[in-house]
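Here the structure is laid out as structure tokens; the discussion comes afterwards.
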Amino acid sequence: MNFTKRISIIICCFVTSLGLLAQAPRIVINPQGHAGKVHNLIFTPDGTKLISVSEDKTIRIWNAQTGVQLKKFESQIGDGPEGMFYTSALSPDGKLLAVSGYQVSTEKENYIIVIDIEKGEQVATAIGHSDVINSLSFSGSGQFLASGSADGTVRIWKMENFPTIITSATLNIGNPVSNICFNRMTQELAVASESRDVLIYPLAGLRKGEKQFAPKILHKHKGILNEISYSPDGAYLVSSSYDNEMILWNAEGTYIKEIDKLKHTITALAFSFDGKILAALDDTGKGMTYTIPTGTRLTEFTGHDNTVFSAVFSPSANNSNYMVASGGGNNNEIILWNPINGLTIRKIKGKGSPIHQLAFGQDYELFFSREMPNGKPGFKSSFDLSSFTINRNSSRPPSIKQLPKDIFQTGVNSIALPKGKVIQT
């Protein structure tokens with residue numbers, strides 16, 4: 001090999017190395033299941049599959065009978081929360097899945113991804129929101145998709161002209177939108193935002209090209225709204241607030257009753273396929289079910305050990321009996337349970353186990369803890385970044401830096417600071 005050719009090869013390798021270094025390296029731990037909070041669950045119309053989206057920036061499709069993962073989708077991600085999925089919606093025919101969440105900093109506007117479930121590929125994108133997208137909902141015909149965002153707007157998208165979907169109408173809510181839900185029978189859209197009022201927008205005029213809509217305002221809540229849901233038959237609407245309220249309305253927006261005297265904030269709501277049962281789960285992980293419209297409590301469910309962010313009933317086609325799927329807890333589990341007796345039917349968790357904490361040791365050794373005995377991480381395994389090998393029986397755990405003496409962790413999401421100050425997420 002002559003000198004010039006040898007130098008060319010060296011320069012080529014050096015440039016290639018620079019190109020790799022220009023991309024920020026990432027350590028990805030795959031627990032073979034969700035590694036972050038499960039924010040949304042959807043059954044396919046035939047009830048055979050369960051779709052979940054998570055803060056771990058993945059979409060997973062599971063066999064609802066066996067709990068086996070069938071597919072996993074990943075999208076563009078960024079650092080920290082960038083690319084986290086917070087919401088999803090499935091078209092009534094079960095063919096199109098819309099997902100969104102926290103925007104990526106490299107993009108000027110946030111976007112919604114539309115996936116063809118059968119093909120397993122992205123077929124469309126809806127771009128327009130300027131902040132986090134918290135909720136998605138398809139109309140009963142599947143012709144329109146609504147999206148609610150922290151930018152204070154709800155956008156209505158017409159599901160045509162793929163791959164770039166355009167906005168048919170924009171509803172200026174004025175407050176960050178936390179939740180939206182179409183009444184699939186009337187094409188009315190219920191909106192929950194950072195206010196005490198439920199907004200109901202009559203959107204039947206969308207088909208005629210109308211763009212301006214005046215909402216019906218439902219007054220009853222004392223606290224800021226967080227969750228809202230229509231029953232599948234369109235007969236009832238339920239809404240909840242951070243003031244531990246849960247209110248049932250009829251389709252016309254008439255107040256029926258406040259359901260139960262709650263001690264905690266409801267974080268997930270779901271109606272059964274026939275609208276006769278309501279499942280509600282709170283920020284402690286506890287679940288309750290009620291008969292509708294009487295609001296009589298049926299049972300309690302205690303399978304989760306922490307906040308539940310999503311719940312959904314299995315459609316009638318899957319089973320003649322009622323079944324709820326809910327996602328949450330410290331292990332990011334999906335649990336299928338019976339809403340009549342509160343018993344667990346099965347768990348969907350993947351084949352791995354969750355990573356509770358990471359810590360660097362000496363040199364390039366990264367320790368990870370799968371257990372938290374007595375609330376402290378048990379660092380029994382480590383990964384050597386220099387040799388790319390795993391040591392599963394480490395004898396020298398890392399030294400963990402302690403918080404200053406005047407700073408205390410007082411809860412899972414709270415830290416007490418000097419002079420009585422508190423940081424809480």
Review point. Between Y201 and E188, is a side chain to side chain contact (heavy atoms under 4.5 Å, CB included) present by the stated rule, with each step listed?
Key: CA-CA 5 Å; Y201 285 88; E188 290 181 314; over 6 Å; no
Exercise for review: Would you please test T44 and I61 for side chain to side chain contact (heavy atoms under 4.5 Å, CB included) and show each step?
Suggested key: CA-CA 10 Å; T44 53; I61 301 179; 5.9 Å; no
Practice item. Evaluate the criterion side chain to side chain contact (heavy atoms under 4.5 Å, CB included) for residue pair I292 and I259; output intermediate values, then yes/no. Key: CA-CA 10 Å; I292 297 299; I259 302 176; 4.3 Å; yes
Exercise for review: Using the side chain to side chain contact (heavy atoms under 4.5 Å, CB included) rule, take V177 and S135 through it: C-alpha gap first, then chi angles, then the decisive distance, then the call.
Suggested key: CA-CA 8 Å; V177 177; S135 188; 5.6 Å; no
Practice item. Take D274 and S272 through the test side chain to side chain donor-acceptor pair (under 3.5 Å) and record every step on the way to the result. Key: CA-CA 5 Å; D274 55 10; S272 60; 2.6 Å; yes
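For N244 and T265, the side-chain atoms include at least one donor-acceptor pair closer than 3.5 Å. In summary, the side chains of D233 and S231 do present a donor paired with an acceptor at a separation below 3.5 Å, with no hydrogens or angles considered. In summary, the side chains of N226 and S240 do present a donor paired with an acceptor at a separation below 3.5 Å, with no hydrogens or angles considered.
Side chain of T167 to backbone of R155: no donor-acceptor contact under 3.5 angstrom is found. No donor-acceptor pair closer than 3.5 Å links the side chain of T153 to the backbone N or O of N172. Looking at S137, its side chain never comes within 3.5 Å of a backbone N or O of A146 through a donor-acceptor pair. Between the side chain of N338 and the backbone N or O of L343 there is no donor-acceptor pair closer than 3.5 Å. Q187 contributes a side-chain N or O that, together with a main-chain N or O of L203, makes up a donor-acceptor pair within less than 3.5 Å. Using modelled atom types, no side-chain atom of S314 and backbone atom of G47 make a donor-acceptor pair closer than 3.5 Å. A donor-acceptor pair under 3.5 Å is formed between the side chain of N250 and the backbone N or O of E252. Judged by distance alone, the side chain of K257 and the main-chain N or O of T294 form a donor-acceptor pair under 3.5 Å. Between the side chain of R184 and the backbone N or O of P232 there is no donor-acceptor pair closer than 3.5 Å. Put simply, the side chain of K71 gets close to the backbone of I117: a donor and an acceptor are under 3.5 Å apart.
Residues passing the salt bridge (Lys or Arg N to Asp or Glu O under 4.0 Å) test with K286 are E300, sequence neighbours excluded. Residues forming a salt bridge (Lys or Arg N to Asp or Glu O under 4.0 Å) with D260 (at least two apart in sequence, or on another chain): R297. With sequence neighbours excluded, the residues satisfying side-chain hydrogen bond (donor to acceptor under 3.5 Å, both in side chains) with S91 are D93.
Under the 30°/60° scheme for interplanar angles, the aromatic rings of F313 and Y322 are found to stand perpendicular. Ring geometry for F309 against H39 counts as tilted: the plane angle lies between 30° and 60°, on a 0 to 90° scale.
To the nearest 0.5 Å, atoms OG (S239) and OH (Y230) are separated by 10.5 Å. For the atom pair CD1 (I217) and CZ (R196), the distance works out to 14.5 Å, reported to the nearest 0.5 Å. To the nearest 0.5 Å, atom CD1 of residue I51 and atom CG of residue L97 are 5.0 Å apart.
Counting heavy atoms of neighbouring residues, nucleotides and ligands inside a 6.0 Å radius, atom CG of L417 exceeds 12 of them.
The shortest side-chain heavy-atom distance between D151 and N110 does not fall under the 4.5 Å cut-off.
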